[in-house]
Amino acid sequence: MAASIPYAPTQLLNLPALAERLGVAQVLAKDEGRRMLGSFKSLGGTYAGLRALARASRMQLADLLAARPKGQPTLVCASDGNHGLAVAAAARFAGAPARVFLHESVPKARARRIENQGAEIVWVPGTYDNAVDAAAAAACQGAGILVADTTDDPNDPIVCDVMAGYGVTAAEIRDQVDFAGLERPTHVFIQAGLGGLAAAIAEGLSGWLASPGCIVTVEPETAACLALAAGRPIRVMGDLRADALLRPGECGRRCGAQASRRSRHHRARGGIGGRCPRTLPP
């Protein structure tokens with residue numbers, strides 16, 4: 001039986017009271033907490049995982065989901081929770097195995113959600129960086145297909161697919177604003193993380209925003225991966241065990257080459273902590 005992949009656009013909220021308080025004409029907020037699996041990560045990891053399996057099986061994506069063939073390769077990834085959940089869901093939809101590497105600070109509740117998708121959990125001592133390295137090493141040794149959400153390779157097809165999945169959010173924003181007859185935004189503020197979502201939104205809204213059409217990526221001083229990347233992938237050092245409630249085990253990581261390149265191309269600006277935004281370095 002073919003797997004059914006649920007999809008529905010998330011809400012674009014119009015917040016007039018907040019706009020009045022801030023002294024601006026309009027504030028819109030995209031509620032990604034209502035996305036399948038609870039975050040925007042489901043758009044990227046799930047799509048990229050399915051595309052990777054389709055390439056490996058030499059099948060069209062629709063045919064793969066319908067046939068769910070035996071003997072598919074294992075999808076491998078490292079995660080702090082949400083990316084692993086998305087990749088595990090991709091494997092479940094296609095009838096393939098998945099193996100998710102988690103560092104020891106990831107809450108057990110997150111691990112259970114991944115296991116409920118049918119994936120195997122591999123616990124890695126240390127931090128998120130250690131889990132990333134362990135997953136990459138396992139894939140290199142033949143454990144399966146690595147589905148990473150960041151990479152030093154600007155042409156990596158899987159990370160391209162992750163960012164293409166994130167781009168669905170930008171398409172939804174365009175459609176929802178135009179359908180509701182709202183004014184097109186002049187500024188977009190988006191969390192940077194490893195840069196993939198911010199780059200996908202910048203690319204998806206480029207040329208559509210009202211003047212001045214400014215994209216601002218926002219990230220904490222302790223994990224300013226995108227703002228400090230300076231046009232190349234770097235590793236940002238910091239306390240990788242801080243802030244256990246919000247992001248267990250990760251406060252710094254490498255900004256991906258593709259994310260950095262696309263953000264610079266669209267003149268995205270980086271805001272670090274409470275500082276004023278600045279244009280990302282060329």
Side-chain angles (χ1 to χ4, degrees), residues 41-42 44-57 71-92 94 96-108 110-115 117-163 165 193-196 223 225-226 229 232-242 247-261:
K41 291 280 189 175
S42 65
T46 302
Y47 179 64
L50 288 171
R51 289 264 296 168
L53 290 172
R55 283 192 294 269
S57 301
Q72 295 184 73
T74 299
L75 294 183
V76 175
C77 74
S79 180
D80 219 30
N82 287 326
H83 179 66
L85 184 64
V87 172
R92 180 174 65 83
R99 184 174 301 152
V100 179
F101 289 72
L102 301 178
H103 59 90
E104 59 191 359
S105 298
V106 172
K108 297 299 187 290
R110 293 189 187 186
R112 285 194 295 271
R113 290 190 70 199
I114 295 171
E115 288 177 323
Q117 294 290 330
E120 173 193 354
I121 301 293
V122 179
W123 290 100
V124 179
T127 67
Y128 175 76
D129 277 6
N130 298 117
V132 168
D133 293 340
C140 286
Q141 293 166 7
I145 301 173
L146 181 65
V147 183
D149 56 356
T150 185
T151 178
D152 295 348
D153 180 0
N155 300 308
D156 185 291
I158 289 179
V159 177
C160 278
D161 287 338
V162 170
M163 294 174 65
L194 301 180
C225 301
L226 189 59
R232 59 186 175 86
I234 63 169
R235 185 179 295 228
V236 176
M237 305 308 295
D239 180 3
L240 297 181
R241 300 180 188 275
R247 290 192 60 77
E250 182 188 357
C251 284
R253 185 54 190 155
R254 285 166 286 194
C255 173
Q258 293 185 30
S260 178
R261 181 180 63 182

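Each residue takes its place number in the sequence, starting with 1.
Note: Leu75 CG to Glu120 CD = 12.5 Å, rounded to the nearest 0.5 Å. To the nearest 0.5 Å, atom CG of residue Asp161 and atom CG of residue Asp156 are 9.0 Å apart. Rounding to the nearest 0.5 Å gives a distance of 8.5 Å between CD of Glu104 and OG1 of Thr127. For the atom pair CG (Asn130) and NE2 (His103), the distance works out to 9.5 Å, reported to the nearest 0.5 Å. With rounding to the nearest 0.5 angstrom, the CZ atom of Arg51 is 14.0 Å from the OG1 atom of Thr46.
The minimum heavy-atom distance linking Ala119 with Val100 is given by the pair CB-CG2, 4.2 Å. Listed here is the closest heavy atom pair of Ala90 and Gly45: CB-O, 4.3 Å. Closest approach of Ala148 to His83, counting heavy atoms only: C-NE2, 4.0 Å. Contact record, Pro97 with Pro73: CD-O, 3.8 Å, taken as the closest heavy-atom pair. Nearest heavy-atom pair across Asp80 and Arg110 is O-NH1, 2.7 Å. In this structure, Tyr128 and Ser79 approach most closely via the heavy-atom pair CE1-C, 3.8 Å.
Using a distance-only test at 3.5 Å, with no hydrogens or angles considered, no donor-acceptor pair links the side chain of Gln72 to the main chain of Leu53.
Taking 4.5 Å as the limit, every side-chain heavy atom of Leu85 sits out of range of all side-chain heavy atoms of Lys41. Contact check for Ile145 versus Ile158: side-chain heavy atoms found under the 4.5 Å cut-off.
Between Ile114 and the choices Asn82, Val106, Leu102, Val87, the side chain to side chain contact (heavy atoms under 4.5 Å, CB included) rule is met once, by Leu102.
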